[in-house]
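First the structure, in the form of structure tokens, and then the observations on it.
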Amino acid sequence: MTELTPYHEDQELDNNTSDNVHFSDILEQRMTRRSLIGKTASGAVALALASSLTACSDDDNDNATPPSKPVDPNKKPTELTFSVVNKNLDDIVTVPEGYQATVLYALGDSINPSYADWDDNNIPSGPSFQFRSGDCHDGMHYFGLNSSSKFDDTVSTEGLLVMNHEYINQTFLHPTGATKVNGRRPEEEVIRETNAHGVSVVHIKKDSATQKVEIVKNSLFNRRITASTVMDFAGAAASSDLVKTKFSPAGKQTRGTHNNCGNGYTPWGTYLTTEENFIGYFARSATDDANRSAAEIVALKRYGLKAGSSSRYGWETALGQLESQDLYDRWNASVVADQATADYRNGPNTFGWMVEIDPFDRGQNPVKRTSLGRFAHEDSACRAVQGEPLAFYMGDDSRGEYIYKFVSAANWDSKDVNGGYTAGDKYMNNGTLYVAKFNSDGSGQWLELSYGKNGLDASNSVYPFSSQADVVTFARLAADAVGATKMDRPEWATVNPVNGEVYVTLTNNSKRGLDYPTDAANPRNYADPEGGKGNVNGHIIRFKETDNKTTATAFTWDIYLFGSEAAMAANINLSGLTDNNDLSSPDGMWFDPRGVLWIQTDDGAYTDVTNCMMLAALPGQIGDGAATTAINGQATIAGAQVTDKTLRRFLVGPKECEITGIAMTPDYKAIFINVQHPGEDSASYDAATSHWPATQTDPKNSTARPRSATVVITRKDGGIIAGA
Ligand code: FEO
Ligand code: CA
Ligand code: CA
């Protein structure tokens, strides 16, 4: 039977041993409106929405409002009034009174009429998962679909819901969990697993009267992208020696995307998927260092693939009988041939990128946009202002890793909406990559990661950079070299459409104040009553670019929100959370186009009291709070304390899940969230600790397999989500 144990993201190693932190500098330092929407505002790609959204949406009946009127900023509620959802440990998605939660798309659900519905007792074949929902749903976006089959961000009644399938819960994906036979993973299981990774494109329709959402099962838009789908490289590392493999000796392509965690989307209407904990999928032999250069060994170690590493799922052990052996050999990153174009020593370099997918275009391969750097990518927020370069804000989710920004060389032109991969080439191949440094006085710098600048050349004593391909492929080493600030696991980023401020979740860091000294931007070290230490509950940092420009190389920052249990001391609970809004480990986060901030949790610290959750928030702006001091004596800068009118719990998920992925129809009448890995701590397939999603309609169900799933939430009266 299985030799494998369920994977948890917290198992990822710390790999940042660089000494670039400058804490002594920080400790020595002394702590010392809103823009017009049409002009700058528009945070996020939301801006593309803001520029074209109609106050009178396609399925509103308010004929008094002309359809071309820009979105009314007054749609942003002045306070949150929906009924608070209380913390709970129930095995169901709980939503406010007057709202309803409906399961839309769960693991294994078919998106092709030729494939039967999911059956717990008859797990579908591995190959059939090319036409079924993958596992561990994560980041997600809704793209309106107009009658010309194009992207249209005013359409709420029909759209493409695109989502990530981050990883897998082997316990429930297979009939009896994961197995090995004579030390090898059965090929059928490996095919099911690779196909259960990646991305789904799902065509949906929403009834304008009832708000009921359904999947259009026979749509040609429905599509799966998996850990085997052929993808192209573009940008700084494309065709470089670093990405040459047996599959693509010219370094132009690779197969698959995996560990797709947070997401992004572009103003021209494409989806961005991230490759987060990709490194654990590779094996490397114990003797492989003998075949590697000193620089290669440094780079492999910095990304967590030391000699002797085993792979998370053992895909490299499969014997190819249904598929080519090469499809499995590629997960072995050891040197086994006389040149890099004859093995997969560079396999790990072909993952860890930001990947662009045009959900409206089945004809072209997805594109790995390498100029945005290679790291444990988690999410991307694009800020677009007409006539100015685009900025993409991105986190590297691992303890002590960094926040990055890519600024396009080209100025944004809204005529490129529906430009597909051609627009991607224009805005994402050429530009400048930066990494953030946070100073203790509330200022910060974007440090440029360009070959030949800031010591990023062959003279670098840790890793000799030889090109921009080197810099982006080993962006972590470049960021170490320029002195970036080590953060508490940067997860999602989002831009406030009201004022352009950028928010980043820092989910937690069990080693903050221990291996990673505290600093003003990562200030807390304290004990959790249940035993954890460090930054137990996480926080959300925000920053404003100088002159509100995407191209700025400096910014100001404060900490919008500190996660905490309500009962914790005031110098831990620095945001003043109460039972109506206390949270731990913020992760997913998105400003909807009105300016309502949605915050989701992936927590293990407060789960003795409550399952993971989603909250709605109405943040102010940088500077609305004050300097303060955390329990451990570290000075920091906190945003204004919240009330339950400005931060309120909207949803609690089922047992042992993470709530992640947020999307909304432009009329604000349907919001989509993902429930990832319910029952993840189940000891075996026949001892499930959760029976969700079956429990959503049958609360007494005690037999169903837990499955990750997308949920759509609407109001029973058909009204605006979190509206008045
Ligand atoms: Fe996949 Fe960092 O969450
Ligand atoms: Ca996440
Ligand atoms: Ca706790």
Side-chain angles (χ1 to χ4, degrees), residues 45 48-49 52 105 111-112 130-134 139-155 157-165 195 197-205 215-235 238 248 252-258 260 263-275 353-372 380 382 384 390 392 408 410 412-430 663 666:
V45 170
L49 293 165
S52 54
Y105 184 57
I111 50 171
N112 181 312
Q130 291 174 70
F131 307 98
R132 296 180 177 280
S133 170
M140 172 167 57
H141 193 66
Y142 172 89
F143 296 88
L145 179 70
N146 66 20
S147 55
S148 306
S149 293
K150 297 286 190 189
F151 167 57
D152 184 336
D153 56 19
T154 68
V155 178
T157 48
E158 188 157 13
L160 303 181
L161 194 61
V162 188
M163 77 188 71
N164 295 339
H165 300 287
N195 282 341
H197 281 71
V199 173
S200 284
V201 178
V202 183
H203 186 169
I204 58 172
K205 280 190 172 175
I215 292 173
V216 184
K217 200 168 172 183
N218 62 356
S219 171
L220 290 175
F221 285 108
N222 291 341
R223 171 186 179 198
R224 285 297 322 286
I225 289 137
T226 73
S228 304
T229 302
V230 174
M231 314 218 159
D232 297 340
F233 285 118
S248 181
K252 292 181 184 301
Q253 290 186 322
T254 188
R255 283 168 293 191
T257 186
H258 66 258
N260 307 90
N263 72 293
Y265 50 98
T266 68
W268 55 94
T270 61
Y271 185 76
L272 299 177
T273 189
T274 63
E275 298 182 331
W353 303 107
M354 187 68 67
V355 184
E356 184 181 21
I357 295 170
D358 184 351
F360 301 88
D361 180 356
R362 296 186 65 113
Q364 291 190 54
N365 296 327
V367 180
K368 298 203 176 189
R369 298 288 179 193
T370 64
S371 296
L372 279 68
S380 164
C382 178
L390 299 175
F392 297 82
S408 66
W412 169 239
D413 182 346
S414 58
K415 291 195 188 74
D416 287 320
V417 171
N418 275 308
Y421 295 112
T422 304
D425 288 340
K426 176 178 174 182
Y427 294 106
M428 298 184 80
N429 291 350
N430 299 306

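Small disclaimer: the values here were computed from a predicted structure and weren't measured. We're numbering straight along the sequence, starting at 1.
Sparse packing is recorded around NZ of Lys205, with 12 or fewer heavy atoms of other residues, nucleotides or ligands lying under 6.0 Å away. Other residues, nucleotides and ligands contribute at most 12 non-hydrogen atoms within 6.0 Å of the NZ atom of Lys150.
Phe233 and Trp353 have perpendicular rings, their planes meeting at more than 60° on a 0 to 90° scale where under 30° would count as parallel. Note: Phe360 and Phe143 have perpendicular aromatic rings, judged against thresholds of 30 and 60 degrees for the angle between ring planes.
By the 4.5 Å heavy-atom criterion applied to side chains, Lys217 and Val202 are not counted as neighbours. Side-chain contact between Asp232 and Gln253 is present, with heavy atoms from C-beta onward closer than 4.5 Å. For the pair Leu161/Tyr105, no side-chain contact is recorded, criterion being any heavy-atom separation below 4.5 Å from C-beta on. Contact of the Phe221 side chain with the Leu145 side chain is registered, since non-hydrogen atoms from C-beta on lie closer than 4.5 Å.
Between Pro267 and Ala384, the shortest heavy-atom distance links the atoms CG-CB, 3.9 Å. Taking each heavy atom of His203 and Ser219 in turn, the nearest pair found is ND1-OG, 2.6 Å. The two atoms that bring His165 and Ser200 nearest to each other are NE2-OG, 2.6 Å, heavy atoms only. Closest of all the heavy-atom pairs between Thr370 and Ala238 is OG1-N, 3.8 Å. For the residue pair Asn260 and Asn164, the shortest heavy atom distance occurs at O-CB, 3.1 Å. Minimum heavy-atom separation, Phe392 to Ser380: CD2-OG, 3.8 Å.
Panel note: side chain Arg369, backbone Gly235; no donor-acceptor pair is recorded below 3.5 Å. In terms of modelled atom types and a separation under 3.5 Å, the side chain of Arg362 and the main chain of Asn222 share a donor-acceptor contact.
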* **side-chain contact (heavy atoms from CB on, under 4.5 Å) evaluation trace for Val367 with Met231** => CA-CA 6 Å; Val367 180; Met231 314 218 159; over 6 Å; no
* To do: Kindly indicate, with the supporting measurements, whether the criterion side-chain contact (heavy atoms from CB on, under 4.5 Å) is fulfilled by Asn263 and Thr273.
  => CA-CA 5 Å; Asn263 72 293; Thr273 189; 5.7 Å; no
* List the steps, then state whether side-chain contact (heavy atoms from CB on, under 4.5 Å) holds for Gln364 with Asp358. => CA-CA 8 Å; Gln364 291 190 54; Asp358 184 351; over 6 Å; no
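To the nearest 0.5 Å, atom OG1 of residue Thr226 and atom CG of residue Asn195 are 5.0 Å apart. Rounded to the nearest 0.5 Å, atoms CD (Gln130) and CD1 (Ile111) are 11.0 Å apart. Interatomic distance, CZ of Phe151 versus OG1 of Thr270, reported as 9.0 Å (0.5 Å rounding). Note that the CH2 atom of Trp412 and the CH2 atom of Trp268 stand 6.5 Å from one another [nearest 0.5 Å]. In this structure, Leu390 CG and Met428 CE are separated by 9.0 Å, a value rounded to the nearest 0.5 Å. Rounded to the nearest 0.5 Å, atoms OH (Tyr265) and CE (Met140) are 12.5 Å apart.
Applying the side-chain contact (heavy atoms from CB on, under 4.5 Å) test between Leu272 and each of Val355, Val162, Thr266, Ile357 identifies Thr266 as the sole match.
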